[in-house]
Chemist: 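For reference, the structure I am asking about is given below.
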Protein chains: 2
Amino acid sequence: MNVQFKKGVLDLCVLAVVAEGDCYGYELVKRISENIEIAEGTIYPLLRKFQNEGYCETYLTESSGGPPRKYYRLTVAGRRMRDQLIAEWTKFSKSVDTIITANKGGRSNG
Amino acid sequence: MNVQFKKGVLDLCVLAVVAEGDCYGYELVKRISENIEIAEGTIYPLLRKFQNEGYCETYLTESSGGPPRKYYRLTVAGRRMRDQLIAEWTKFSKSVDTIITANKGGRSNG
DNA sequence: GTTAGTACCTTGCTTTATGTAGTAGTGTGT
DNA sequence: ACACACTACTACATAAAGCAAGGTACTAAC
């Protein structure tokens, strides 16, 4: 899969998933990778960034069969950012679709 | 507009536009920029790359009011690459849409 | 005690695309 | 002569994102 496509998109994927239910990093890797491959080395720095920017808060819970999980919960600012990124993405992907389809059927070729 | 989103996408935009009718560089900048901002410094190296990789050929035509235009025409390989990139893009953007919508409605949160 | 799965984290590499700014030349209009 | 729109091109700087690889640590299974 084209790595370039992912640039900037994983941010909004993470925010979108966490927005619908608190998640821990390891879980996010598994869940998102079902659709778009993502590595731990990508997720953890991202989550730290989000936390530094005030988009999410964390809390720990015990895990049966492993070290404690660090759950991430979106803040209000995080939700706002998620909405904004999704809007940008939607606009962008529509623009691309316009370009790759709107040229069908010929043009005056001035 | 999120610069990161563009990564890797402009390739397929250029190929898609040229596929539907021969274009020259300056024209591509104008046309694509109607939807997604793109600079000359991005287009020309891209076109050169495509030519080097055998995805397009060029021919010159005179212009009314300016230097001659260098038109780009896709080769068969170029068309194949365009089809492939569009398929990849379509798959990718669908995956993103799945992620940002499929998490609505809650989950067991195990 | 060794392997494997869960879970967290960091460093540094690679990529590689995109944009800025500048060069150069043509034709039109004033 | 000068400015401006059209057209092509390039060198360098910017940007930052994502990944590979390595490290720590707990639990369970053999």
Side-chain angles (χ1 to χ4, degrees), chain A residues 1-15 18 22-33 35-53 56 58-72 85 88-89 92 95-96 110, chain B residues 1-15 18 22-33 35-53 56 58-72 85 88-89 92 95-96 110:
Chain A
M1 174 60 46
N2 197 325
V3 177
Q4 297 303 318
F5 285 167
K6 298 186 195 176
K7 304 268 177 170
V9 175
L10 296 181
D11 287 51
L12 87 106
C13 289
V14 170
L15 288 176
V18 178
D22 299 357
C23 282
Y24 53 100
Y26 191 78
E27 182 189 8
L28 280 166
V29 175
K30 301 282 184 204
R31 289 167 64 82
I32 294 179
S33 289
N35 293 288
I36 298 172
E37 268 184 72
I38 186 173
E40 291 188 21
T42 304
I43 277 275
Y44 288 111
L46 207 54
L47 289 170
R48 179 167 299 285
K49 191 187 77 177
F50 287 155
Q51 198 176 1
N52 289 339
E53 291 170 346
C56 58
T58 64
Y59 56 91
L60 290 174
T61 67
E62 285 184 51
S63 145
S64 57
R69 298 167 172 170
K70 192 191 248 181
Y71 273 89
Y72 290 81
L85 284 178
E88 277 182 30
W89 163 256
F92 177 79
S95 295
V96 175
Chain B
M1 173 60 46
N2 197 325
V3 178
Q4 297 304 317
F5 285 169
K6 299 186 195 175
K7 304 271 178 170
V9 175
L10 296 181
D11 288 53
L12 88 106
C13 288
V14 169
L15 288 176
V18 177
D22 299 358
C23 282
Y24 53 99
Y26 191 77
E27 183 190 8
L28 280 167
V29 175
K30 301 282 183 205
R31 289 167 63 81
I32 294 180
S33 288
N35 293 288
I36 298 171
E37 269 185 72
I38 185 174
E40 291 187 22
T42 305
I43 278 275
Y44 288 111
L46 206 53
L47 289 170
R48 179 167 299 285
K49 191 187 77 177
F50 287 154
Q51 198 176 359
N52 288 339
E53 290 171 347
C56 58
T58 65
Y59 57 92
L60 289 173
T61 66
E62 286 186 48
S63 143
S64 55
R69 297 167 172 169
K70 190 191 249 183
Y71 274 89
Y72 291 81
L85 283 179
E88 275 182 31
W89 163 256
F92 177 79
S95 296
V96 175

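What's counted below: heavy atoms across the whole structure, side chains too, no hydrogens, waters or symmetry copies. Small disclaimer: the values here were computed from a predicted structure and weren't measured. Lettering of chains follows the sequences in order, A, B, ..., and the numbering in each one begins at 1.
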Chemist: State which residues pass side-chain contact (heavy atoms from CB on, under 4.5 Å) with A:T61; sequence neighbours excluded, sorted by chain then number.
Modeler: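 Listed in chain order: A:Y59, A:R69, A:Y71.
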Chemist: Tell me, for nucleotides 5-18 of chain C in 5' to 3' order, what letter each nucleotide earns: B for a base near a protein heavy atom under 4.0 Å, S for only sugar-phosphate near one, - for neither?
Modeler: BBBBBB-----SBS
Chemist: Could you state the interatomic distance from OG (B:S95) to CD1 (A:I32), rounded to the nearest 0.5 Å?
Modeler: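 Between atom OG of B:S95 and atom CD1 of A:I32 there are 12.0 Å.
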Chemist: If I take atom SG from residue A:C56 and atom OH from residue A:Y72, how far apart are they, to the nearest 0.5 angstrom?
Modeler: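 Taking SG in A:C56 and OH in A:Y72, the distance rounds to 6.5 Å.
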Chemist: Can you spot which of B:T42, B:L47, B:L46, B:I38 makes a side chain to side chain contact (heavy atoms under 4.5 Å, CB included) with B:L28?
Modeler: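 Exactly one candidate clears the test, B:L47.
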Chemist: Below 3.5 Å, can you tabulate the donor-acceptor pairs from side chains in residues 1-10 of chain A to any protein atom, sequence neighbours excluded?
Modeler:
| from | atom 1 | to | atom 2 | distance (Å) |
| --- | --- | --- | --- | --- |
| A:N2 | OD1 | A:Q4 | N | 3.0 |
| A:K6 | NZ | A:E37 | O | 2.8 |

Chemist: Could you tell me the boundaries of the chain A footprint on DNA chain D, defined by atoms under 4.0 Å from its heavy atoms?
Modeler: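 Under 4.0 Å from chain A, the extent on DNA chain D is D:dA17 to D:dT27.
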Chemist: Using side chain to side chain donor-acceptor pair (under 3.5 Å) as the criterion, list what pairs up with B:E53, not counting sequence neighbours.
Modeler: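 Partners of B:E53 under the side chain to side chain donor-acceptor pair (under 3.5 Å) test: none.
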Chemist: Who are the side chain to side chain donor-acceptor pair (under 3.5 Å) partners of B:N35, not counting sequence neighbours?
Modeler: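 Side chain to side chain donor-acceptor pair (under 3.5 Å) check on B:N35 returns nothing, list empty.
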